[in-house]
Amino acid sequence: MSLGQQLAPHLPFLRRYGRALTGSQSHGDKYVRATLEAIVAAPAEFPRDVDPRLGLYRTFQAIWASTNFEDDADDGFGDDQESIARARLSRMTPLSRQALLLTAMEGFTPEDTAYLIEVEPAEVESLVADALSEIENQTRARVLIIEDEPIIAMDVETIVRDLGHEVTGVAVTRDEAVALAMQDRPGLVLADIQLADDSSGIDAVKDILAEFQVPVIFITAFPERLLTGERPEPTFLITKPFQRSTVKAAISQALFFDQSTAPVE
């Protein structure tokens, strides 16, 4: 099997990581593209002593550390979001955010995460704890949950409340979601894809975003269906079945770039 064939299954999830790290589909995809270009240009330098997925993310990390695409965004990630990110980043260590996303969202072990961000394994747990603590202190929001499975909805609601956020409502259909959003505008939406009446959480979100802008996190058992490389795609995506830490990480990252929770200078 060629290197390209080995890496292909991991690219949708690398795009997910890049987008969550930057808060932007455009920026995240540019880092992924630069990563692939670097691999093609120098295949002999690709790490061969580790799992291909680990080598792919390690190459991405090297590109992330050495390249800056912040000035040429093309998807609306403009001055406002950039200033929010800079204000938050000035209050925390970037390595902490990377450790959080790599472990909680991408599922790497602390040992693999240590390899990716080039720290000692013992440091990873501390970095993750620091990231969660700092982001939670900075971000508070009112959250709308769109989820038709009662047990999952209750679990997500508990996670949201444990993080110190307020739940504005739980919707099980597209129409109900839109009505709740119009009645009490949330600062964050957590949306399942398939809803109770066979309506779509994606359509519900489109209806909501047509009225006002709000960060959205999608939840799905089939993330590869949404991470196709075609636009539009979600910046924040949780895979079912999920870990509580994954939901916490996604919420923290979505609010990291949100104007309503921007830190006061």
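What you see is a predicted model; the values in this text were computed from it and never measured. Reckoned from all heavy atoms, side chains included, excluding hydrogens, waters and symmetry mates.
One distance of note links CG of L188 with CD1 of I217; it measures 5.0 Å at 0.5 Å rounding. To the nearest 0.5 Å, atoms CG (L100) and CG (L95) are separated by 12.5 Å. One finds the CD1 atom of I159 at 9.5 Å from the CD atom of Q243 (value rounded to the nearest 0.5 Å).
Annotation: salt bridge (Lys or Arg N to Asp or Glu O under 4.0 Å) contacts involving residues 41-50, sequence neighbours excluded, are absent.
Inter-residue side-chain proximity for L56 and I39 is flagged as met; some heavy-atom pair is nearer than 4.5 Å. Using a 4.5 Å heavy-atom cutoff, the side chains of T113 and V128 are not in contact. No side-chain heavy atom of E147 sits less than 4.5 Å from a side-chain heavy atom of V156.
Note on F212: it clusters hydrophobically with V216, by side-chain heavy-atom contacts below 4.5 Å among ILVMFWY residues. Following chains of ILVMFWY side-chain contacts shorter than 4.5 Å, one can reach M182 starting from V189, so the two form part of one hydrophobic cluster.
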May I have the list of side-chain donor-acceptor pairs in residues 171-181 shorter than 3.5 Å, sequence neighbours left out?
from, atom 1, to, atom 2, distance (Å)
T173, OG1, E176, N, 3.2
R174, NE, D207, OD2, 2.8
R174, NH2, D207, OD1, 3.3
R174, NH2, D207, OD2, 3.0
E176, OE1, V172, N, 3.2

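The ring-ring contact (aromatic ring centres under 6.0 Å, His included) check on F60 picks up Y17, with sequence neighbours excluded. Among residues two or more places apart in sequence or in another chain, the side chain to side chain contact (heavy atoms under 4.5 Å, CB included) test is passed with T168 by R142, L144, D184, P186. Contacts of P52 classified as side chain to side chain contact (heavy atoms under 4.5 Å, CB included), with partners at least two apart in sequence or in another chain: Q6, L7. Remark: Y115 engages no residue in a ring-ring contact (aromatic ring centres under 6.0 Å, His included) (not counting sequence neighbours).
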